[in-house]
Number of protein chains: 2
Amino acid sequence: MPDRTASAPNEADRFARAREKQAVALLEDYVELIGDLIAEAGEARVADIAHRMGVAQPTATKTVGRLKREGLATARPYRGVFLTEAGAALANRVRARHRTVVALLKAVGVPEATAELDAEGIEHHVSEKTLAAFEAFLKDRQA
Amino acid sequence: MPDRTASAPNEADRFARAREKQAVALLEDYVELIGDLIAEAGEARVADIAHRMGVAQPTATKTVGRLKREGLATARPYRGVFLTEAGAALANRVRARHRTVVALLKAVGVPEATAELDAEGIEHHVSEKTLAAFEAFLKDRQA
DNA sequence: AAGGCAGTATAGCACAGGCTATATTCCGCG
DNA sequence: CGCGGAATATAGCCTGTGCTATACTGCCTT
Ligand SMILES: [Mn+2]
Ligand SMILES: [Mn+2]
Ligand SMILES: [Mn+2]
Ligand SMILES: [Mn+2]
């Protein structure tokens with residue numbers, strides 16, 4: 001018997017995984033942005049988050065609520081939003097991954113502006129293994 | 001004045017674009033799969049679509065309904081699902097892009113299985129420009 | 001100290017995309 | 001022929017992510 005047991009995921013698993021990544025994509029972008037705002041302005045206000053994300057203010061408020069539920073952020077009503085340790089760690093990982101994805105795209109010939117645009121979506125589907133491959137490729141390139 | 005007018009999209013635009021791509025991702029995967037099923041089995045039944053997508057049958061039925069509304073598919077109740085001309089054209093573009101994304105990932109050192117997994121999500125965020133760059137890169141590589 | 005405005009939260013709506021449970025239809029077989 | 005099981009559709013639920021309209025707070029300014 002060829003034994004494909006527990007080896008190659010099938011098509012359905014692949015789709016399920018993509019759906020899962022999509023579900024966390026928004027949270028990743030939010031924590032990254034909140035981290036940016038805190039670094040830039042010292043605080044992350046809901047209005048600024050909404051503006052930078054391109055959504056209405058109540059939408060940002062609601063998503064921040066989800067971040068709180070997931071243990072990624074805290075917020076005092078009518079005050080700013082803060083990242084938990086887990087949130088800050090995620091933000092840093094996401095930011096680094098974003099940069100690597102952009103760099104990889106540019107390295108294979110994608111124009112900078114396009115790389116920035118496409119990376120915003122692509123990044124969330126780049127696994128640890130793929131990220132490692134990207135980094136290795138970039139290192140070789142530069143050598 | 002540096003004049004950034006109508007040139008670089010800002011952060012909010014970038015996020016909006018990623019959200020838009022995400023909204024059509026599911027439709028793309030469905031039409032590609034329906035095309036595959038028709039090619040393989042001569043017809044695309046809702047049960048097979050559901051099974052291959054890894055969702056429950058009513059979920060597939062509902063999404064097929066959306067494909068119909070968007071002019072990508074037709075379906076006769078209790079019979080199979082068919083692609084419109086637009087749907088078939090989209091399926092072909094999506095299938096080709098999928099293959100190119102997998103090939104690019106492998107070309108930069110991503111293991112095949114990982115490439116297949118990640119490509120399922122990445123593909124939907126690869127713009128025409130990025131796709132063209134990928135193709136050019138692959139062509140050079142092989143030369 | 002108080003008022004007003006800006007910022008935030010809440011209410012309530014729509015739609016996508018999951019699900020289970022159930023109704024309906026089709027079709028092959030006895 | 002007609003019946004029963006398989007396939008499909010429908011009903012009804014939940015959550016997420018958007019929106020607008022409106023209520024509430026906090027704080028700056030007079
Ligand atoms: Mn992103
Ligand atoms: Mn990003
Ligand atoms: Mn896909
Ligand atoms: Mn695909």
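Residue numbering restarts at 1 for every chain, and letters A, B, ... go by the order of the sequence lines. Computed from heavy atoms alone, side chains included, the values below leave out hydrogens, waters and symmetry copies.
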For the residue pair [X] and [Y], establish whether any side-chain heavy-atom pair is separated by less than 4.5 Å.
{"X": "A/Leu33", "Y": "B/Glu11", "result": "yes"}
{"X": "B/Glu116", "Y": "B/Val102", "result": "yes"}
{"X": "B/Asp29", "Y": "B/Glu120", "result": "yes"}
{"X": "B/Val126", "Y": "B/Leu104", "result": "no"}

From [atom1] of [X] over to [atom2] of [N], roughly how many Å is that when rounded to an integer?
{"X": "A/Arg19", "N": "D/dT15", "atom1": "CZ", "atom2": "C1'", "result": "15 Å"}
{"X": "A/Glu43", "N": "C/dA6", "atom1": "CD", "atom2": "C1'", "result": "14 Å"}
{"X": "B/Arg69", "N": "C/dA14", "atom1": "CZ", "atom2": "C1'", "result": "12 Å"}

Task: Pairs meeting criterion ring pair (Phe, Tyr, Trp, His ring centres under 6.0 Å) with involvement of residues 91-129 of chain A, two or more places apart - done: A/His125-B/His125

Open item on the list: Keeping B/Arg45 on the side-chain end and B/Val81 on the backbone end, is there a donor-acceptor pair under 3.5 Å?
Closed with: no

Open item on the list: Tell me if a side-chain donor or acceptor on A/Arg97 pairs with a main-chain N or O of A/Leu131 at a distance below 3.5 Å.
Closed with: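 It does not hold such a pair.
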
- [ ] Any chance you could lay out the side-chain contact (heavy atoms from CB on, under 4.5 Å) test for A/Arg76 and A/Phe82, step after step, and finish with the verdict?
- [x] CA-CA 9 Å; A/Arg76 301 203 317 284; A/Phe82 312 90; 3.8 Å; yes

Open item on the list: Does D/dT17 have its OP1 or OP2 closer than 4.0 Å to a side-chain nitrogen or oxygen of A/Thr63?
Closed with: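 No, because none of the side-chain N or O atoms of A/Thr63 sits under 4.0 Å from OP1 or OP2 of D/dT17.
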
Task: Near-strand residues of residues 21-35 of chain A, defined as heavy-atom separation under 4.0 angstrom from DNA chain C - done: none

Open item on the list: At less than 3.5 Å, do the side-chain atoms of B/Lys62 and the base atoms of C/dG18 form a donor-acceptor pair?
Closed with: yes

All N/O pairs under 3.5 Å across the protein-nucleotides 6-9 of chain D interface:
from, atom 1, to, atom 2, distance (Å)
D/dT8, OP1, B/Arg45, NE, 2.5
D/dT8, OP1, B/Arg45, NH2, 2.9
D/dT8, OP2, B/Ala47, N, 3.0
D/dT8, O3', B/Tyr78, N, 3.3
D/dT8, O2, B/Tyr78, OH, 3.3
D/dA9, OP1, B/Tyr78, N, 3.4
D/dA9, N7, B/Gln57, NE2, 2.7
D/dA9, N6, B/Gln57, OE1, 3.3

